[in-house]
Structure formats: structure tokens, C-alpha cells
Amino acid sequence: MKRICYVVAMVAEAQPFIERYHIQEVKDFFAPLPCLLYEGEVDGVTLNVVLNGQEHGSDLVGCEAATVATLSAIQCLHPDIIINSGTCGGFRAKGAEIAKVYIGNGVMFHDRRVPGDDAWATQSLGNYPVWDGSERLAKTLGYEMGKVTTGSSLDMQPCDFEIIQQHGGQLKDMEGAAVGFVCSLFQVPILYVKSVTDLCDSGAETFEEFSRNLHQACDALKVANERVIDYLKGQMN
Ligand code: ADE
């Protein structure tokens, strides 16, 4: 492995480790697409961060922009591994805490309710493979693992919760399964590194809780990603 590529939705999520590794923006690399490329080198390994980009002054969160970013990253950069790193909602009932970092052990959609036969349902839910080294990494670095479930909204409707519960979901985000879908098409390994900003079962207003904890969760993400990069570097060299 010589090229690690992060796909990240929000500037706040990526900024701490962009600064840590002094990686630079490669201007207009993906133009006219909204995604942005940052590139640097860490001990002989190329480190890319692809951000979803912005529209009307706000980060393009969600599956559409994550799909564009991941497809562009894979086709233009040919990474050995994609890491989807970012914040997520967690569940207090399943042991989540604010700023706790998880490694994903599965990924699926929770808001695609398509009636029909088993084939439609299976395809809609996704359930894409994660990198087969994810578990060893999590064990070595001491992170818990959890199943990432993805939808297009920050809030959680009862019908979302039903699917999340049914399928053992632990981490609720807005991009993971889209990134996983594209990686599955190209058979590029995907690792999920997620940090909790809000507890979906806390009764708090999600956006308020998310905003209040964003900084703390992103700091935890930076620490985790430094350790992840060190670990992967060791496997590459
Ligand atoms: N990102 C951070 N918190 C989230 C939540 N509760 N749902 C979806 N994406 C999130």
C-alpha cells in the first residue's frame, strides 16, 4: 500500500489532520466537480484527503456528493485503500458516548424502503463489504467496532430506527454506505473511522447536540486518524 485516500464530508472533520500532516490543496484537480483534493506525503506513503466540497457556503454532506467524491478519488488517484472518516450519531443504549471513536464492521442504508421481493430489499439496504483488515486494526489500536448505517437526513424517523435496530446498526451517518457502494464496484478496500457527535436516543435535539459536540468529536477523530495512518504505514512499507 502506497496511497491512502480519505473521503471526508465536512471541512471541520478533515481540518485537524490536514493541518497535522501539512498537506496542501491541489487546486481545481476535480473541476468542475465540487470535491477538493489535498495531497501530502508521510514517510513514503502518499496521503490524500478528498473533501466532498461546498455549495452556497456549506459543506456538501450526504450520499450524492460522497458518491461523486469517491468515484473521482478512485478513478483519478487509484488509492490502495479508501478511509471514510467523519462524525456520526450513536446510541447510548449500545454504549456510545460523545467523541467515542469506532471502526466500522459493516455498512448499509437505513432509509431505503423499497417494497418488492428479497432482491430489491437486499439491493436497497446495500450491506457492502468493509476492508478485511478492519477488525485487526480495531483490535490492535483498541477501538470498538460498529455497524455504520447511512441515510439522507440528520434526524431519525421511527421508520429509520426500525431498520437500524433490525440490522444491528450502531453508527448513523449520511455518507458511509455511498462511499462503500462505490468502493464495492471497484473492489477498493474501505475502512470506516467514525466519531460520535450525538446520541440518537438521548432525547436531545440532534442538530443542537451535533453542533455542540462537533469540535470535540473532530479532535478525537484527528487522534484516531494519526494512529490509523501510523498503523497502515507500517503495513505498507
Ligand atoms: N452525523 C453526525 N451525527 C449524525 C446523525 N445523528 N445522523 C446522521 N449523520 C450524522
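Read the numbers this way: they start at 1 and go in the same order the structure lists the ligands and their atoms. Bear in mind the structure is a predicted one, so any value in this text is a computation, not a measurement.
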- [ ] If you have a sec, work out which protein heavy atom is nearest atom 2 (C) of ligand 1 and how many Å separate them, to one decimal?
- [x] T197 OG1, 3.2 Å
Task: Donor-acceptor side-chain pairing of T206 and D155 below 3.5 angstrom - done: no
Task: Under 3.5 Å: N/O of D198 near N/O of ligand 1 - done: yes
Open item on the list: Side chain or backbone, does K172 bring an N or O within less than 3.5 Å of an N or O on ligand 1?
Closed with: yes
- [ ] Decide whether a cation-pi geometry holds between R112 and F109; the criteria are a distance under 6.0 Å from NZ or CZ to the six-membered ring centre and an angle within 45° of the ring axis.
- [x] yes
Open item on the list: Below 3.5 Å, N or O to N or O, backbone or side chain included: is there any such pair between G89 and ligand 1?
Closed with: yes
TODO: Give the atoms of ligand 1, by number and element, whose distance to some non-hydrogen atom of M174 is under 4.0 Å.
DONE: 8 (C), 9 (N)
TODO: For the residue pair E13 and T87, confirm or rule out a side-chain donor-acceptor distance under 3.5 Å.
DONE: yes
Open item on the list: For E208, is the CD atom crowded, meaning more than 12 foreign heavy atoms sit under 6.0 Å from it?
Closed with: yes
Task: From T150, T87, T206 - option closest to atom 1 (N) of ligand 1 by heavy atom - done: T87
Task: ring-ring contact (aromatic ring centres under 6.0 Å, His included) pairs, two or more places apart, involving residues 27-78 - done: none
